[in-house]
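Structure record follows, encoded as structure tokens.
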Amino acid sequence: VRQGGMKWIRAPRAERYDLAADPGELHNLHIDDPGPSQALDQVLQRFLDAGAARGLASTGNPLDGETEEMLLAMGYLAPESERAAMGGIDPKDGMALVAAMEDARGAVRAGRPKEAERMLRALLEKTPRNVTAWNVLGYALFNQNRLAESIEAYQQSLALDPRQHRVLGLLGKINLREGRVDEARSLLLKSLDTTPGFVEAMSALSALEFQAGDESAAEAWAQKAYAADPTFPRAWNAIADLRYRQKRWEDARKWYERLLGDTPTHYVARVQAGLAAKRSGDFEGARTHLNQAAALRPDAWAPVYNLACTEAVAAAPDAAMAALTLAAERGLDLPALLGKDPDLDSLRARPEFAAVTAKVNANATASAAAHKAARGG
């Protein structure tokens with residue numbers, strides 16, 4: 001309510017401003033001198049009482065379910081759990097918290113997970129029930145390879161909102177990566193209980209069952225993913241990955257190339273298509289896919305390393321050594337791979353191979369130091 005040049009706000013936080021002297025509402029007079037606020041509050045209450053006497057009964061949410069889903073998807077509405085986390089916070093303070101959340105998201109997207117982590121932990125001190133902040137923190141920790149802490153953050157999020165199928169699926173994948181097959185299966189099945197059409201969970205279950213040695217179950221989950229949505233590229237990816245694990249190289253390549261027809265910038269599918277082509281003896285097809293993958297990720301060593309393997313197997317040792325040298329320059333840090341990969345047998349006697357090995361060993365030492373620093377010690 002405004003009266004006599006003064007402005008009074010009752011909730012969510014009591015505020016009184018002298019609009020003539022302080023038009024920007026920067027100095028809350030109520031904090032130092034609450035007495036004059038009482039008269040203004042009585043004026044406000046009279047307006048509220050009069051409104052209640054003439055008010056109409058609520059007709060419920062004016063948005064139908066479809067409209068609300070659309071606004072959520074477009075980012076115009078926050079999820080219910082996020083709105084609940086902000087409940088009772090003054091809008092002036094809330095805007096700063098929303099801005100902090102967006103800054104943290106931006107830091108994660110820009111590849112600065114430690115910076116994002118600092119922002120998110122500060123935000124969670126103020127809004128500990130902020131589901132979105134817990135989820136982004138989990139992702140930031142995952143990107144630092146701090147998997148136990150990442151799991152803990154996602155579990156905090158699920159404690160606040162247990163029916164998050166994507167978070168359940170992510171936890172399932174992390175547990176699978178860590179070798180906890182039974183726990184991973186339980187989480188992935190729970191994500192499907194929440195959202196039966198969740199194709200990513202079906203795909204992950206296909207990988208899990210193949211890893212567990214049940215190839216028929218792996219096939220069943222891959223087919224379920226495809227049946228759930230035959231037009232969905234991730235369903236194609238599930239079948240492609242299974243065919244690759246089964247060493248059915250031509251079939252795997254066919255499905256990867258179907259996926260690439262829809263999403264030509266899919267880096268992992270491009271690498272896998274190149275590997276499938278190499279293993280089936282189509283070295284030219286392998287070169288094409290692996291060179292395109294290298295162009296998609298100019299700093300990644302994997303596609304040029306696999307190109308080196310392709311050239312070595314195709315009896316092109318000079319091209320193979322050039323690609324292997326480039327892989328080392330791009331950060332290849334797995335000396336065991338260099339020492340054991342049979343594709344490189346024809347290169348090990350060449351004098352340049354020793355220099356590449358020294359570079360890969362140096363990369364491994366630097367990576368270990370960086371990993372230790374990321375874990376705080």
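Counting from 1, the numbers follow the sequence of the chain as shown.
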Ignoring hydrogens and angles, state whether a donor on the side chain of [X] or [Y] is under 3.5 Å from an acceptor on the partner side chain.
X	Y	answer
His289	Glu257	yes
Gln144	Glu149	no
Thr231	Asp229	yes
Asp41	Gln45	no
Asp241	Tyr256	yes
Ser216	Asp214	yes
Ser191	His165	no
Tyr244	Asp251	no
Glu152	Gln156	no

When you measure from the centre of the six-membered ring of Trp249, is the NZ or CZ of Arg279 under 6.0 Å away and within 45° of the axis?
yes
Answer yes when Arg105 and Glu102 have at least one side-chain N-carboxylate O distance shorter than 4.0 Å, and no when they do not.
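Answer for the salt bridge query: yes.
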Centroid-to-centroid, Trp8 to Tyr17, below 6.0 Å?
no
Angle class for the Phe142/Tyr139 ring planes (parallel below 30°, perpendicular above 60°, tilted otherwise)?
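Answer is parallel, since the angle falls under 30°.
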